[in-house]
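What follows is a single structure, written as structure tokens, with notes after it.
Each ligand, and each atom within it, is numbered from 1 in the order the structure gives. All heavy atoms count here, side chains included; hydrogens, waters and symmetry mates do not. Quick caveat, the model's predicted, so the values are computed rather than measured.
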Amino acid sequence: MKIAVYGQYYKDNTDDIIEKLLRVFDSYNPEIVFESNFYNVLNEKGLLDKPFSVFTGHEELDEGYSMFISIGGDGTMLRAATLVRNKNIPIIGINAGRLGFLATIQEENIETLLPLIFENNYKISPRTLLTIDYEGKDPEMHDLDYALNEVTVSRKDTTSMITIETRLNGEYLNSYWADGLIISTPTGSTGYSLSCGGPVLMPDVNSLVITPIAPHNLNARPLVIPDDTEIELRVSSREEQHLISLDSRIVSVAVETVLRIKKGGFKINLVEFPQEKFLVTLRKKLLWGEDKRN
Ligand SMILES: NC(=O)c1ccc[n+]([C@@H]2O[C@H](COP(=O)([O-])OP(=O)(O)OC[C@H]3O[C@@H](n4cnc5c(N)ncnc54)[C@H](O)[C@@H]3O)[C@@H](O)[C@H]2O)c1
Ligand SMILES: Nc1ncnc2c1ncn2[C@@H]1O[C@H](COP(=O)(O)OP(=O)(O)OP(=O)(O)O)[C@@H](O)[C@H]1O
């Protein structure tokens with residue numbers, strides 16, 4: 001079994017996580033390949049007891065890998081998805097971060113949950129992606145033009161609202177007067193969209209959510225649409241540019257550019273354990289239904 005290991009940061013608790021990880025690996029003897037920057041940091045800190053192979057970028061990952069382990073928070077999981085791309089390698093997150101909604105293994109559970117990977121006792125939760133296209137697409141976006149959480153358009157260099165003309169499969173929906181608009185996947189429904197009043201979607205629902213960011217009217221509400229809808233947006237503003245974000249990545253684009261957003265052509269496979277299913281995470285991490293009477 002070949003496993004990629006990735007992390008972005010070194011902090012005090014990294015030592016304990018790596019120690020536990022290596023202990024589990026010792027029992028099952030998989031082939032381990034570390035992401036090179038992370039490997040260098042771990043080596044500098046003397047956390048690795050022997051040399052390991054490394055990979056330096058997404059080009060070096062292929063379907064020969066059985067698992068991609070991300071050590072960090074949700075931001076690191078989102079970065080992991082940009083490395084795995086369309087390679088179908090399942091991603092499992094060890095939460096070294098704060099919330100870790102997507103990174104489901106907590107440090108204290110590493111030694112009970114990680115062995116389940118080797119015992120084939122896990123499920124794959126395929127996650128829908130969004131992709132964006134527009135004339136003159138930024139080269140940065142060309143290479144990596146999909147989002148696991150959401151595509152957002154928002155204002156840039158101004159405090160004034162932008163207007164977002166929105167069409168669904170070519171049919172006019174609305175012009176939002178707002179700070180921005182979020183097009184969210186089911187995975188992203190517990191992220192930015194949630195903060196703007198959007199509903200939580202179960203990960204396997206075939207829908208997307210359109211959620212306005214601070215709309216200046218009482219009748220603009222989050223809208224759930226089928227995930228085979230092509231969404232067309234056109235932003236008008238006092239400024240010449242506005243922002244587009246795909247998860248944590250951001251680019252500027254000229255106002256009046258027609259943006260076409262639709263479901264991506266592949267999915268990202270997240271690992272799900274029987275003990276850490278979506279509803280459990282929703283209760284544990286977002287305190288869903290927290291009520292002292294329960
Ligand atoms: N006001 C907001 O809630 C807000 C604003 C901007 C971005 N975001 C989210 O942050 C993501 C980018 O992450 P980052 O690390 O670069 O930014 P960040 O450092 O601002 O972290 C954002 C927070 O959102 C949480 N988060 C991210 N994806 C989530 C998901 N699918 N479900 C539940 N919680 C989730 C993270 O745990 C983190 O606490 C975006 O995709 C967006 O969903 C949220
Ligand atoms: N490999 C790691 N080892 C130790 N701590 C880490 C590691 N990766 C991340 N962290 C801690 O978690 C923080 C957040 O990590 P990350 O950017 O991956 O997640 P996030 O998007 O902020 O979401 P979350 O709320 O889940 O932490 C980092 O600033 C750091 O303190």
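Residue Y10 has no N or O atom closer than 3.5 Å to an N or O atom of ligand 2.
Not less than 6.0 angstrom separates the ring centroid of F38 from the ring centroid of Y9.
Shortest contact from atom 3 (N) of ligand 2 to any protein heavy atom: T14 OG1, 2.7 Å. Protein heavy atom in closest approach to atom 30 (C) of ligand 2: K11 NZ, 3.3 Å. Nearest protein neighbour of atom 11 (C) of ligand 2, counting heavy atoms only, is A96 O, 3.2 Å. Ranking the protein heavy atoms by distance from atom 22 (O) of ligand 2 puts R98 NH2, 2.1 Å first. For atom 15 (O) of ligand 2, the closest non-hydrogen atom of the protein is G73 N, 3.7 Å. Ranking protein heavy atoms by distance to atom 2 (C) of ligand 2, first place goes to Y9 O, 3.2 Å. From the protein, the heavy atom lying nearest to atom 33 (C) of ligand 1 is T190 O, 3.0 Å. Among all protein heavy atoms, the one lying closest to atom 23 (O) of ligand 2 is D74 N, 3.3 Å. Of all protein heavy atoms, the one lying nearest to atom 13 (C) of ligand 2 is G97 CA, 4.0 Å. If you check which protein heavy atom lies closest to atom 43 (O) of ligand 1, you get E150 OE1, 2.6 Å.
Listed for the E35 side chain is a donor-acceptor partner under 3.5 Å among the backbone atoms of N37. Within the 3.5 Å criterion, the main-chain N or O of D145 finds no donor-acceptor partner in the side chain of K137. Checking side-chain atoms of K87 against main-chain N and O of L61 turns up a donor-acceptor pair under 3.5 Å. At least one donor-acceptor pair closer than 3.5 Å links the side chain of D247 to the backbone N or O of N149.
When non-hydrogen atoms are compared, ligand 1 lies under 4.0 Å from the backbone of Y192 as well as from its side chain. Counting heavy atoms under 4.0 Å from ligand 2, residue I17 does not touch it at all.
In the vicinity of L99, heavy-atom distances shorter than 4.0 Å reach the ligand 1 atoms 34 (N), 37 (O). If you number the atoms of ligand 1 from 1 as listed, the ones under 4.0 Å from a heavy atom of G75 come out as 15 (O). Under a 4.0 Å criterion applied to the non-hydrogen atoms of F101, ligand 1 contributes the atoms 32 (N), 33 (C), 34 (N). Numbered from 1 in the order shown, with element, the atoms of ligand 2 that lie under 4.0 Å from a heavy atom of G100 read 24 (P), 26 (O). Of all atoms in ligand 1, numbered sequentially from 1 with element shown, those under 4.0 Å from a heavy atom of S195 are 1 (N), 2 (C), 3 (O). Taking every heavy atom of S248 and a limit of under 4.0 angstrom, the matching atoms of ligand 1 come to 12 (C), 13 (O), 14 (P), 16 (O).
Taking all heavy atoms of N149, L194, V151 into account, the minimum distance to atom 31 (N) of ligand 1 is reached by N149. With distances taken over non-hydrogen atoms, the option nearest atom 21 (O) of ligand 2 out of S70, G191, G75, A80 is G75.
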Y146 and F266: CA distance, side-chain angles, deciding distance, ring-ring contact (aromatic ring centres under 6.0 Å, His included) verdict: CA-CA 10 Å; Y146 63 86; F266 61 94; 5.1 Å; yes
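Between F34 and Y39, the ring planes are tilted. Angles from 30° to 60° get that label.
For the pair K2 and Y65, the cation-pi test (distance below 6.0 Å, angle within 45°) is passed.
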